[in-house]
Amino acid sequence: MSVPADWPTDESTALAEQQRLRPLVSATGPAPAAGALVAGVDVAYDDERDVVAAAAVLLDYTTLEVVEQATAVGPVAFPYLPGLLAFREIPAVLEALDGLTVEPDLVVCDGYGLAHPRRLGLASHLGVRTGLRTIGVAKNPFTFTYGLPGAERGSWTPLVDAGEEVGRAVRTRQGVKPVFVSVGHRIGLDEAVAATLALTPSFRLPETTRRADTLCRQALAAAVR
DNA sequence: GCGACAG
DNA sequence: ATCTTGTCGC
């Protein structure tokens, strides 16, 4: 894997890059159609050895069967800094996505999109960078506020930041802690939530995320051994 | 000023 | 993210 030549290496450059990309995000667009190809992406690290592994897994939106998958391994491109996660994950993710032979109709990211201090989380950043439709599905509420959604699958509450709805806390499984969904790029919030539920028939997290998580860990282990 | 803080 | 086995329960 190779990090883009102009990739930021310091915080102030990264912040300036977010400021530049932020106006390019679109928060409107359809949910995937039946039979669409949806990709899940995730990344695993071994900071001690300066190794990162990314995975992209393509699923059929209707059957949830795996259509194809790809991985990429390389050096860690950026340190973890809250609010700048995209700079750490995107180089590896881009290369894993390049390994797919078909362009996905939607990419599901492990993290946030517009729900971000400067409204440019990982999913939105990746969307603008690639032009692909993206959403973010996170496991933690980050710095945002939300009310607990009803216990039944499908219920949700607004995820709020500075008095603004930036995403939703969505119950994907009865009685299980909600996931936090936000728009990435070229899709609406209602549609992002609908897609999340469609991709989550049995567990708390979308099948896309679960498949990509397993695969990137596997790729990391193989690279480090 | 201090702490909290997606993965 | 990561350190980490078996085990309780549907």
Side-chain angles (χ1 to χ4, degrees), chain A residues 1 8 11 14-15 18 21-22 25 40-57 71-94 96 107-129 134-146 151 153 159-162 164 166-170 172-185 189 192 196 201-206 208-221 223-225:
Chain A
M1 163 211 143
E11 182 170 2
L15 289 170
Q18 289 187 333
L21 298 179
R22 166 65 185 90
V25 178
V41 293
D42 196 15
V43 177
Y45 301 91
D46 184 332
D47 282 295
E48 302 252 317
R49 302 187 187 186
D50 190 38
V51 179
V52 56
V57 180
T71 60
V73 174
V76 178
F78 203 85
Y80 172 68
L81 298 176
L84 298 177
L85 179 65
F87 295 94
R88 181 168 167 81
E89 308 222 326
I90 284 181
V93 167
L94 286 177
V107 180
V108 180
C109 297
D110 200 1
Y112 283 111
L114 284 179
H116 179 274
R118 295 170 294 281
R119 304 293 180 267
L120 195 81
L122 167 64
S124 297
H125 193 146
L126 180 68
V128 169
R129 189 85 196 192
T134 62
I135 66 173
V137 180
K139 300 181 287 296
N140 298 294
F142 200 15
T143 60
F144 311 118
T145 305
Y146 69 100
R153 170 180 152 83
L159 185 65
V160 177
D161 182 38
E164 171 181 356
V166 293
R168 287 176 188 163
V170 180
T172 53
R173 263 201 97 175
Q174 169 87 249
V176 172
K177 176 181 174 177
V179 295
F180 304 90
V181 179
S182 60
V183 166
H185 187 49
L189 185 51
T196 298
S202 318
F203 299 96
R204 177 182 175 229
L205 297 173
T208 37
T209 300
R210 302 182 68 248
R211 291 314 232 297
D213 179 75
T214 299
L215 185 58
C216 70
R217 288 181 196 241
Q218 209 170 279
L220 180 66
V224 162
R225 77 173 76 162

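Residue numbering restarts at 1 for every chain, and letters A, B, ... go by the order of the sequence lines. Since the model is a prediction, treat every value here as computed from it, not as a measurement.
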Undergrad: Between A:Phe144 and A:His116, which heavy-atom pair has the shortest distance, and what is it?
TA: CZ-N, 3.4 Å
Undergrad: Where along residues 71-83 of chain A does a heavy atom come under 4.0 Å from DNA chain C, residue by residue in number order?
TA: none
Undergrad: Ignoring backbone atoms, test whether A:Asn140 places a side-chain nitrogen or oxygen under 4.0 Å from the OP1 or OP2 oxygen of B:dC5.
TA: no
Undergrad: Rounded to whole Å, please give me the gap between CG in A:Asp47 and P in B:dG7.
TA: 16 Å
Undergrad: In whole Å, what is the span from the CG atom of A:Asp110 to the P atom of B:dA6?
TA: 12 Å
Undergrad: If every non-hydrogen atom of A:Ser182 is compared with every non-hydrogen atom of A:Val166, which pair is closest and at what distance?
TA: CB-O, 3.4 Å
Undergrad: Which atom names give the shortest non-hydrogen contact between A:Thr134 and A:Ser124, and what distance separates them?
TA: OG1-N, 4.3 Å
Undergrad: Measure from the side chain of A:Asp42, starting at C-beta and using heavy atoms only, and say which of B:dG7, C:dT2, B:dC5 lies closest.
TA: B:dG7
Undergrad: Using atom CG of A:Asp213 as one end and atom P of C:dT2 as the other, report the distance to the nearest whole Å.
TA: 8 Å
Undergrad: Contact class for A:Ala115 vs. all strands (heavy atom < 4.0 Å): base, sugar-phosphate, or nothing?
TA: nothing
Undergrad: May I ask you to say whether A:Asp47 pairs ionically with A:Arg88, meaning some side-chain N is under 4.0 Å from a carboxylate O?
TA: yes
Undergrad: Does A:Lys139 make a side-chain N or O approach to OP1 or OP2 of B:dA6 shorter than 4.0 Å?
TA: no
Undergrad: Could you check whether any side-chain N or O of A:Gln18 sits under 3.5 Å from a backbone N or O of A:Gly121, counting only pairs where one atom can act as donor and the other as acceptor?
TA: no
Undergrad: Could you check whether A:Asp42 pairs with A:Arg217 (Lys NZ or Arg NE/NH1/NH2 to Asp/Glu carboxylate O, under 4.0 Å)?
TA: no
Undergrad: Once you round it to whole Å, what is the distance between P of B:dC5 and CZ of A:Phe87?
TA: 22 Å
Undergrad: Quick one: A:Tyr45 OH to B:dA6 P, roughly how many Å, whole number?
TA: 13 Å
Undergrad: Send over the distance from A:Asp46 CG to C:dC3 P, rounded to a whole Å.
TA: 8 Å
Undergrad: NA contact type, A:Leu84, heavy-atom cut-off 4.0 Å: base, sugar-phosphate, or nothing?
TA: base
Undergrad: Could you state the NZ-P distance from A:Lys177 to B:dA6, rounded to the nearest angstrom?
TA: 10 Å
Undergrad: Just the rounded figure in Å: distance from C1' of B:dC5 to CG of A:Leu159.
TA: 14 Å
Undergrad: When you check the phosphate oxygens OP1 and OP2 of B:dA6, does a side-chain N or O of A:Arg88 lie under 4.0 Å from one of them?
TA: no
Undergrad: Okay, side chain of A:Arg168, backbone of A:Leu159: is any donor-acceptor separation there less than 3.5 Å?
TA: no
